[in-house]
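Each remark here refers to the structure printed beneath this line.
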Amino acid sequence: MQSLKKLGITVDLSNPFDQPEDQIICTHKKDLLESHGINFAPVSIASEFSFESGRLRKDVLGFHAAFNFPHFFTQGDLIKNADNIVSRISQPQSMLPYLNVCVELKMFDLLKVTLNDFREKPNLLKAFHFLSAQNPNSPLLEIFTNFE
């Protein structure tokens, strides 16, 4: 983080071309960062302390995919950050697993806060339309409209 600041590498969260920030930092700025002494762990080493998706592991330092949040944070903490979480999950392929994990873990208060006025939240609306087109019989569609 200090190197990003020192090198003036920033991410404009309002700019869709600056998303996802990890891709901007680790792919587009990788050469610059490496030239300033930053080392990127190979996948074989990185997988020992973090993961993106797959089998849930609680023995890790970190994880990436937002759909893991409900496994690691309390419903109360997630409710406090619900709007921020939704604004940061721009792809339906990430939003829908997040919502499904909330259902699986019975975090219905979080779903209520998250899905309230979902038609006014672009990332949720995009996920709703994506799901409607891909799987119009999905039980998750009913949850969208129940908490609307």
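Basis for what follows: all heavy atoms, side chains included, without hydrogens, waters or symmetry-related copies.
When all heavy atoms of Leu111 and Val103 are compared, the pair lying nearest together is CD1-CG2, 3.6 Å. Contact record, Leu124 with Met95: CD2-SD, 3.7 Å, taken as the closest heavy-atom pair. Contact between Val60 and Phe49 at its shortest, heavy atoms only, is CB-O, 3.5 Å. Contact between Leu110 and Gln75 at its shortest, heavy atoms only, is N-OE1, 3.1 Å. Residue Pro70 comes nearest to Leu78 through the heavy atom pair CA-CD1, 3.6 Å, listed as atom of the first residue, atom of the second, then distance. Residues Lys126 and Ser90 share a closest heavy-atom pair of NZ-O, 2.7 Å.
Rounded to the nearest 0.5 angstrom, Met107 CE and Phe69 CZ are separated by 12.0 Å. Taking CG from Asn116 and CD from Glu120, the interatomic distance works out to 10.0 Å, rounded to the nearest 0.5 Å. Between Ser87 atom OG and Asn81 atom CG the span is 10.0 Å, to the nearest 0.5 Å. Rounded to the nearest 0.5 angstrom, Phe147 CZ and Asp117 CG are separated by 14.0 Å. Once rounded to the nearest 0.5 Å, the distance linking CG of Leu32 with NZ of Lys30 reads 13.0 Å. One finds the OG atom of Ser138 at 4.0 Å from the CG atom of Leu131 (value rounded to the nearest 0.5 Å).
The hydrophobic cluster containing Met1 also contains Ile38, counting ILVMFWY residues as joined when their side-chain heavy atoms lie under 4.5 angstrom apart, directly or transitively.
Between Ile85 and Thr114, every side-chain heavy-atom pair lies at or beyond the 4.5 Å cut-off. Val101 has its side chain out of reach of Asn68: every pair of non-hydrogen atoms, C-beta onward, lies at least 4.5 Å apart. Proximity of His71 to Leu105: side-chain heavy atoms (C-beta onward) are separated by under 4.5 Å at one or more points. Side-chain atoms of Asn135 and Asn137, non-hydrogen and from C-beta on, do get closer than 4.5 Å to each other. The side-chain heavy atoms of Pro122 and Leu125, taken from C-beta on, include no pair separated by under 4.5 Å.
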- Passes side chain to side chain contact (heavy atoms under 4.5 Å, CB included), Gln91 versus Phe130? Steps please. CA-CA 10 Å; Gln91 299 302 315; Phe130 178 86; over 6 Å; no
- Audit row: Leu99, Leu115, side chain to side chain contact (heavy atoms under 4.5 Å, CB included) steps and yes/no: CA-CA 9 Å; Leu99 296 173; Leu115 295 174; 4.2 Å; yes
- Please test Ile143 against Leu141 for side chain to side chain contact (heavy atoms under 4.5 Å, CB included), starting from the C-alpha separation and ending with a verdict. CA-CA 5 Å; Ile143 290 171; Leu141 287 173; over 6 Å; no
- Carefully, step by step, assess Cys26 and Phe40 under the rule side chain to side chain contact (heavy atoms under 4.5 Å, CB included). CA-CA 8 Å; Cys26 296; Phe40 289 81; 3.8 Å; yes
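Aromatic ring orientation, Phe128 versus Phe118: tilted (interplanar angle from 30° to 60°).
Side-chain atoms of Ser50 do not come within 3.5 Å of backbone N or O of Ser47 as any donor-acceptor pair.
For residues 61-84, the pairs satisfying salt bridge (charged side-chain N to carboxylate O under 4.0 Å, His left out) are Asp77-Lys80, Asp83-Lys121, with sequence neighbours left out.
In this structure, Lys112 places its NZ atom where only 12 or fewer heavy-atom neighbours from other residues, nucleotides or ligands lie under 6.0 Å away.
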